Amino acid sequence: MYIVGNWKMNTTPSESVALASEICSLGKTSKCQIWIAPPWTSISEVLRVCANTNVLVGTQNVHWKSSGAYTGEVSAPMLKAVGIDFVIVGHSERRQYFGETSETAVQRAVSALKAELQTILCIGETSEQRDIGATNQVLESQLDPLVEHIKREDLNLDKLLIAYEPVWAIGTGNAAETKDIEEVHNFLKNWFNEQGLKQPPILYGGSVKPENFAEISSIDSVNGALIGGASLKATSFIE
Ligand code: PGA
């Protein structure tokens, strides 16, 4: 089971050190994979805190090129070189506020996979898309570029994970219903089978918290959770 904390644009370096230290200590005996993604400015401190622990450190974005004139961007080989273990790409907030498309999200994923970083590709429908019954179609359209790249470049999927995050469930306090999560995760697993691709672990994200985690994690097709708000307190995250 993967438990991934996405800290988003929160915590100064000193707050990050305190949070990461508490997570490392509370999570010491956990059987889960515990992963945290602090903001860029805290990466080096958090890497230092998590060295020689069972907590892996990742970033919330990565560029698709390995170097070049891309002001403000950071590449996968750069992240690998400082000891980053994983990246999150295509988060709905990137899609909503920063012009991320399914194509650019997948290009980021491809460059991270090539650098041998574990890569969480986020996908999910909006409430309007769900209301008109377009959920599966939207998810397919977000994954289609991935298949094209995988086939063209013979990409190894061993380090790929998918996070299903319905946009309407993120940060709202209202997670999706168990039966809806189950339905979508099964759809995604089948979809990878139909493409002849190895099934990646599929995480659920969107208002996961201690009160609903037991139920969500009991769904067979749920391999973990991507957690925003509840990951900013070590006790609720580890619980
Ligand atoms: P949330 O965020 O847990 O605060 O809903 C999840 C996410 O954005 O990954």
Side-chain angles (χ1 to χ4, degrees), residues 1-11 15-16 19-20 23 27 32-40 42-43 46 55-62 84-100 102 104-106 108-109 112 117-127 129-130 135 138-139 142-143 160-178 180-181 184-185 188 200-217 219 222-239:
M1 185 71 52
Y2 297 85
I3 306 298
V4 185
N6 172 11
W7 295 3
K8 308 193 180 186
M9 196 174 71
N10 293 294
T11 66
E15 289 164 347
S16 297
L19 179 55
I23 287 172
C32 294
Q33 292 268 346
I34 305 174
W35 297 8
I36 52 178
W40 298 116
S42 298
I43 292 293
V46 172
V55 176
L56 299 192
V57 181
T59 62
Q60 303 165 21
N61 199 8
V62 63
I84 285 296
D85 292 297
F86 76 95
V87 296
I88 299 171
V89 298
H91 190 278
S92 74
E93 285 148 17
R94 304 287 327 161
R95 296 177 193 258
Q96 192 181 349
Y97 304 122
F98 304 104
E100 185 84 276
S102 299
T104 55
V106 163
R108 295 178 202 280
L117 291 161
Q118 310 250 32
T119 302
I120 303 175
L121 173 63
C122 303
I123 57 174
E125 82 286 1
T126 62
S127 58
Q129 290 164 333
R130 174 162 281 268
T135 300
V138 168
L139 299 173
Q142 292 172 335
L143 288 172
L160 177 71
L161 300 93
I162 300 292
Y164 167 57
E165 298 206 295
V167 178
W168 44 272
I170 296 176
T172 58
N174 300 316
E177 301 280 333
T178 312
D180 294 333
I181 299 174
V184 169
H185 280 228
L188 293 171
I202 302 183
L203 281 50
Y204 167 78
S207 297
V208 175
K209 45 196 167 187
E211 302 80 62
N212 59 20
F213 181 73
E215 192 178 335
I216 293 172
S217 62
I219 304 170
V222 170
N223 305 115
L226 181 53
I227 306 167
S231 73
L232 292 172
K233 272 220 164 86
T235 44
S236 63
F237 183 55
I238 293 301
E239 198 183 332

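None of these values were measured; they are calculated from a predicted model. All ligand and atom numbering here is 1-based and tracks the order in the structure.
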- Item | Heavy-atom check, side chain of Tyr164 versus side chain of Glu125, under 4.5 Å | yes
- Would you say ligand 1 has an N or O under 3.5 Å from any N or O of Thr172? no
- Task: Have a look at ligand 1 and work out which part of Asn6, if any, has a heavy atom under 4.0 Å from it: side chain, backbone, both or neither.
- Result: side chain
- Task: First locate atom NZ of Lys209, then atom CD1 of Ile227, and finally report the distance between them rounded to the nearest 0.5 Å.
- Result: 12.0 Å
- Task: Check if Gly171 has a non-hydrogen atom at a distance under 4.0 Å from any atom of ligand 1.
- Result: yes
- Is Gly228 close to ligand 1, meaning an N/O of one under 3.5 Å from an N/O of the other? yes
- Task: In sequence, state the C-alpha distance, the side-chain angles, and the governing distance for Glu100 and Thr104, and then conclude on side chain to side chain donor-acceptor pair (under 3.5 Å).
- Result: CA-CA 6 Å; Glu100 185 84 276; Thr104 55; 2.5 Å; yes
- Message: Give me the nearest non-hydrogen protein atom to atom 9 (O) of ligand 1 as residue plus atom name, then the distance to 0.1 Å.
- Response: Glu165 OE2, 2.6 Å
- Message: Is the shortest side-chain heavy-atom distance between Val4 and Ile34 below 4.5 Å?
- Response: no
- Task: Just jot down the ligand 1 atoms closer than 4.0 angstrom to any heavy atom of Gly206, in number order.
- Result: 5 (O)
- Query: Does the pair Ser102 and Arg95 meet the rule for a side chain to side chain donor-acceptor pair (under 3.5 Å), with working shown?
  - Reply: CA-CA 8 Å; Ser102 299; Arg95 296 177 193 258; 3.2 Å; yes
- Task: Show which atoms of ligand 1 fall inside a sub-4.0 Å distance from at least one heavy-atom site of His91.
- Result: 7 (C), 8 (O), 9 (O)
- What is the nearest protein non-hydrogen atom to atom 4 (O) of ligand 1, stated with its residue, atom name and distance? Gly229 N, 2.8 Å
- Message: For Glu239 and Ser236, which I'm curious about, is there any donor-acceptor pair between the side chains at under 3.5 Å?
- Response: no
- Query: Is the shortest distance from a heavy atom of Ser207 to ligand 1 less than 4.0 Å?
  - Reply: yes
- Message: I'd like the name of whichever of Lys8, Glu93, Gln60 reaches closest to atom 2 (O) of ligand 1 through any heavy atom.
- Response: Lys8
- Message: If we count only N and O atoms by modelled type, under 3.5 Å, do the side chains of Tyr2 and Gln118 hold a donor and an acceptor together?
- Response: no
